[in-house]
A.B. asks: 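Submitted below is the structure of interest, expressed as C-alpha cells.
Residue numbers start from 1 in every chain, and the chains themselves are labelled A, B, ... in the order their sequence lines are given, proteins ahead of strands. Just so you know, these numbers come straight off a predicted model, no measurement behind them.
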There are 2 protein chains.
Amino acid sequence: MKLTIKDIAKLAGVSTATVSMVVNNKDERISASTREKVLDIVDKYNYIPNRIASSMVTKSTKTIGLVIPDITNPFFPEVARGVEDKANIDGYTVIFCNSDNVLSKEDAYIDMLQEKMVDGIIFTASSRRTNISASLQRVTVPVITVDRVIPNLSNQGQIVVDNEVGAYEAVCHMLAKGYKRIFHITGPLTSKTARDRYNGYLKALESNNQQPLPNHLYEGMYTTTWGHNAIEQLIEDGHDFDGVFCGNDMIAVGVLKGLQKHGLSVPTDIGVVGYDDVNIARLVTPELTTVSQPKYEMGYKAAEMLIKMINNEHNNQSEYTLSTELIIRNSTRT
Amino acid sequence: MKLTIKDIAKLAGVSTATVSMVVNNKDERISASTREKVLDIVDKYNYIPNRIASSMVTKSTKTIGLVIPDITNPFFPEVARGVEDKANIDGYTVIFCNSDNVLSKEDAYIDMLQEKMVDGIIFTASSRRTNISASLQRVTVPVITVDRVIPNLSNQGQIVVDNEVGAYEAVCHMLAKGYKRIFHITGPLTSKTARDRYNGYLKALESNNQQPLPNHLYEGMYTTTWGHNAIEQLIEDGHDFDGVFCGNDMIAVGVLKGLQKHGLSVPTDIGVVGYDDVNIARLVTPELTTVSQPKYEMGYKAAEMLIKMINNEHNNQSEYTLSTELIIRNSTRT
DNA sequence: CCTTCTTGTTTAAACGTTTAACTAAATTAT
DNA sequence: ATAATTTAGTTAAACGTTTAAACAAGAAGG
C-alpha cells in the first residue's frame with residue numbers, strides 16, 4: 001500500500017503542509033522537534049513523494065526531452081551521456097526518443113513531450129527539416145538544437161560546432177604531409193554540417209593554391225557501406241589520387257577497407273582522414289586520423305544551456321560554438 | 001497561454017467531461033455533431049492535454065524507466081533502442097539512466113523513478129549487486145532485469161541469454177578449426193554472465209577430451225586496454241598458445257592489436273574469438289569471429305514483457321531466455 | 001494589562017484531468 | 001396517456017501535492 005502525504009501527516013499528528021515543508025527542506029519555520037517527528041515517520045514508513053502530484057502545482061516536471069536520430073549511431077551515445085550527466089546533477093530526468101530522421105516521428109515525439117509537460121527539449125533535427133512544423137509551433141518550452149538549427153523557431157538555443165574550421169585544419173594537415181590529390185567522400189549535402197565541412201575542404205585547397213580536382217566530390221550516405229562503395233567507384237573511375245577526406249568516420253572506415261582490398265597501403269600510398277572521432281576510429285587498423293567533435297561536451301552544454309533557459313537565467317536566443325580538434329593517428333603520414 | 005480542458009469546454013459550449021470523452025475516443029455516447037464541434041475547437045486552438053493531470057487520476061504515467069550502466073558502452077545502445085521501439089509502439093515513453101555500475105547511483109535512480117511514478121522499470125544491475133537494497137525494496141512496480149538477476153526481488157521478470165551455450169559453441173568451433181591451446185581472457189568473474197561463459201569454455205574443452213591448460217584464465221576488465229595488457233602478459237608469461245577466447249569484443253579487439261604488435265598473424269598463427277558482436281567487430285582487421293548476442297531483441301523483449309506485466313497479462317515471476325549465434329568471420333581459420 | 005510582534009502550525013484552494021453517478025429529454029412500449 | 005427505456009450530456013468528487021493566507025499562542029513593548 002503506497003502512503004501519501006496525508007497518511008504521513010496523520011501518523012505524525014501534523015498537517016500535510018507541515019510534512020510537505022519538512023520533506024522539501026522549506027522548514028525554516030518548523031520547530032526542530034516537529035521536524036524530527038515527521039522525518040522519523042517518513043523513514044519508518046518509506047514515504048515516497050509523488051512528483052506527479054507536485055508537478056501539478058509547481059508546474060515543473062524536472063524532466064527534459066532528448067530527441068536524436070538514433071542512439072545506435074555511434075555519434076549519439078556520448079551526446080546523450082553528456083545530456084544525462086548534466087541533467088542528473090541538476091535533478092532533472094531525461095526522456096529519450098529516437099526519430100530515425102523521420103519528420104513525422106520527430107513531430108510525434110515533440111507532441112508527446114509537450115503532453116508529458118517536459119520543462120524543455122534538446123533536439124537534433126533531421127537535416128530535411130527545412131521549416132518549422134505545426135508540432136514545433138505548439139512548443140512553449142525552451143528548445144536547444146544541437147548541431148542543427150530549426151528555421152523560425154523562437155525560444156531556441158543552439159549548440160553548434162565549427163565544422164568549417166575542423167575540415168580546413170584536417171585538409172591542411174593532409175597537404176602538409178605531402179598528399180597532393182585529395183578527394184572528398186561525404187554524406188548528403190542537404191545538411192549544413194556537411195556543407196560546412198565541404199567548404200572547409202575547399203578553403204584549405206584554396207589557401208594552399210590548389211585547384212579542386214575535377215569530380216573531387218562523392219556524395220552519398222554517412223555509412224561504412226557508402227565509404228566502401230565510393231572508394232571502389234573512385235578507383236574504377238580511374239582517378240589519380242593520394243588522399244581522401246571523409247565526411248565522417250564510418251565512411252572513412254569503409255574507405256580503409258576498400259583501399260586494403262585493392263592492396264593500396266595507408267598511409268604510405270594514400271592518406272585518409274575521418275570526422276567525429278567515434279570510438280571505432282581508434283580501433284581500426286591503421287588507427288584513423290580524424291577531426292574530433294566534442295560529443296560529450298555538446299550534450300553537456302546543451303543540457304546546461306537548457307536548464308539555464310528553464311530557470312530564466314539565460315537569454316532566449318543564444319548560440320554556443322564548440323570547436324573541433326584534429327587527432328593525428330596512423331592513417332596519415334607522420 | 002496554454003489552454004486547459006476547461007477552456008476548450010467553455011469555447012465549445014459543453015462540459016469538460018464531454019471534451020475528455022471525445023479527445024480520448026471514449027465517445028460512444030457522444031453525438032456526431034457535438035464530437036465535431038469539440039474536435040474543431042481542439043484543432044483550432046491547438047489544445048494539448050496535460051498528461052500529468054491525467055496520470056493523477058488514472059494512476060498510470062505511460063512511462064517506463066531504463067537503468068543501464070553506460071550508454072557509451074557499445075553493448076547498450078542497441079538494447080536501449082529495442083526498449084524504446086517497443087515502448088513507443090505501445091504509447092510508452094522511456095526515461096533513461098546511466099548508473100556506471102555504481103550501486104549508490106543505481107539506488108538513487110530507482111528512487112527517482114519511483115517518485116516520478118513510472119509504470120515499470122527495466123534494469124541491468126551492476127554485477128556487484130549481491131542483494132536487494134532499500135530502494136529496490138520500496139519498488140512496487142514491475143521490474144524486468146536484463147542479463148542480470150537481482151536476488152530476492154519480487155515482481156521481477158527476467159531476460160537472460162544462454163551464455164554457456166554461446167561460449168561452448170564458440171570454443172567448439174575453435175577446436176574444430178584446429179586450434180589446440182586456447183586461453184580465456186575475460187572480465188570480472190563476479191557476474192554470472194562471465195562465469196557462464198567461462199563454464200561454456202570449460203565444457204567445450206571437456207567434451208573434446210582436452211584438459212584445461214595450466215593458468216588458462218586471465219581475469220580483468222571488459223575493456224580494450226585489458227585485452228591488450230592481458231595478451232602482452234600472456235606472451236610474456238611464455239605460454240605456448242594458438243587461440244584466445246575473449247569475454248567480450250572489446251577485449252578481443254585489444255588482443256588483436258597486441259598480437260599484431262608482436263607480429264603474430266590472425267587467424268593463421270592464432271585464432272581469436274570475441275563475444276557480443278558489437279558493431280566494431282565487423283570493422284576491425286581481421287573481422288572478428290564472435291558470439292552474437294541479440295541485443296536489440298533483449299531490449300525489445302524486455303519492454304514487451306514489462307508492458308504485459310504492467311497490464312497484468314503476464315505472471316509475475318517469469319523468465320525469457322534468448323539464444324546467441326556464432327558469427328564466423330576472419331579471426332579464425334576457414 | 002492591552003496591543004503588537006513573532007513563531008509555529010493549520011486551513012483550504014488550486015493544479016488539470018477522468019469517471020461514476022446522476023439528470024433531462026427523447027423515444028419506445030404498453 | 002403513462003411508464004419504461006434509451007440517448008446524450010452534466011455534475012462533482014477524486015487523484016496527491018504546494019503554498020498563500022489565516023490563525024493561535026506566547027513574548028515583547030508600552
A.B. asks: Using whole Å, report how far CD1 of B/Ile30 lies from P of C/dA25.
C.D. replies: 17 Å
A.B. asks: Please tabulate the protein-to-nucleotide N/O contacts below 3.5 Å involving nucleotides 23-28 of chain D, giving atom names and distances.
C.D. replies:
none

A.B. asks: Write down the distance between CG (A/Leu3) and P (D/dG16), rounded to a whole number of angstrom.
C.D. replies: 11 Å
A.B. asks: Tell me if the NZ atom of B/Lys37 is crowded by more than 12 foreign heavy atoms within 6.0 Å.
C.D. replies: yes
A.B. asks: For the side chain of B/Thr34, starting at C-beta, report the closest nucleotide among C/dC15, D/dA8, C/dG8.
C.D. replies: D/dA8
A.B. asks: Of the nucleotides D/dT10, D/dA8, D/dT18, which has the atom closest to the A/Asn24 side chain?
C.D. replies: D/dT18
A.B. asks: Are a donor atom and an acceptor atom from the side chains of B/Ser31 and B/Ser33 found within less than 3.5 Å of each other?
C.D. replies: yes
A.B. asks: Would you say A/Thr4 reaches D/dG16's phosphate, i.e. side-chain N/O to OP1/OP2 under 4.0 Å?
C.D. replies: no
A.B. asks: Answer yes or no: does a side-chain N or O of B/Ser15 lie under 4.0 Å from OP1 or OP2 of D/dT10?
C.D. replies: yes
A.B. asks: Determine whether A/Thr124 and A/Thr145 make a side-chain contact, defined as any pair of heavy atoms from C-beta on separated by less than 4.5 Å.
C.D. replies: no
A.B. asks: Around atom NZ of B/Lys10, are there more than 12 heavy atoms of other residues, nucleotides or ligands at under 6.0 Å?
C.D. replies: no
A.B. asks: Are more than 12 heavy atoms, taken from residues, nucleotides or ligands other than A/Tyr320, located less than 6.0 Å from that residue's OH atom?
C.D. replies: no
A.B. asks: Would you say B/Thr16 places a side-chain N or O within less than 4.0 Å of OP1 or OP2 belonging to D/dT10?
C.D. replies: no
A.B. asks: Is the base of C/dT17 touched by the side chain of B/Arg51 through a donor-acceptor pair closer than 3.5 angstrom?
C.D. replies: no
A.B. asks: Are A/Lys308 and A/Asp90 ion-paired here, with the side-chain N under 4.0 Å from a carboxylate O?
C.D. replies: no
A.B. asks: Do B/Lys116 and B/Asp111 meet the salt-bridge criterion of a basic N to acidic O distance under 4.0 Å?
C.D. replies: no
A.B. asks: Which of the following nucleotides, C/dG8, D/dT17, D/dA12, is nearest to the side chain of A/Ser31?
C.D. replies: C/dG8
A.B. asks: In whole angstroms, how far is the P atom of C/dT10 from the CZ atom of A/Arg29?
C.D. replies: 12 Å
A.B. asks: Choosing from C/dT18, C/dG8, D/dT19, which nucleotide comes nearest the side chain of A/Lys26?
C.D. replies: D/dT19
A.B. asks: Which whole-number value in Å describes the distance from B/Lys2 NZ to C/dC15 C1'?
C.D. replies: 13 Å
A.B. asks: Give the rounded distance in Å between these two atoms: CE of B/Met21 and C1' of D/dA8.
C.D. replies: 10 Å
A.B. asks: Which whole-number value in Å describes the distance from A/Met56 CE to C/dT18 P?
C.D. replies: 11 Å
A.B. asks: Roughly, in whole Å, what's the span from CG in A/Asn50 to C1' in D/dT18?
C.D. replies: 13 Å
A.B. asks: Can you tell me if A/Lys59 touches the phosphate of C/dA14, counting only side-chain N or O atoms and a distance under 4.0 Å to OP1 or OP2?
C.D. replies: no
A.B. asks: State plainly whether the residues A/Glu78 and A/Arg81 are in salt-bridge range, i.e. N to O under 4.0 Å.
C.D. replies: no
A.B. asks: I'd like to know if the side chain of B/Ser126 and the backbone of B/Val102 have a donor-acceptor N/O pair within less than 3.5 Å.
C.D. replies: no
A.B. asks: What parts of residues 5-14 of chain A reach DNA chain D, counting only heavy atoms under 4.0 Å away?
C.D. replies: A/Ile5, A/Lys6
A.B. asks: Starting at atom CD of B/Glu115, determine the distance to atom P of D/dG16, rounded to an integer number of angstrom.
C.D. replies: 15 Å
A.B. asks: Does A/Ser20 place a side-chain N or O at less than 4.0 Å from the phosphate oxygens OP1/OP2 of D/dT18?
C.D. replies: yes
A.B. asks: Taking only the side-chain heavy atoms of B/Thr18 (C-beta and beyond), determine which of D/dT18, C/dT19, D/dT10 contains the nearest atom.
C.D. replies: D/dT10
A.B. asks: So, B/Asp85 and B/Tyr296: side-chain donor and acceptor under 3.5 Å apart, yes or no?
C.D. replies: yes
A.B. asks: Counting only side-chain nitrogens and oxygens, does B/Tyr47 get under 4.0 Å of the OP1 or OP2 atom of C/dG16?
C.D. replies: no
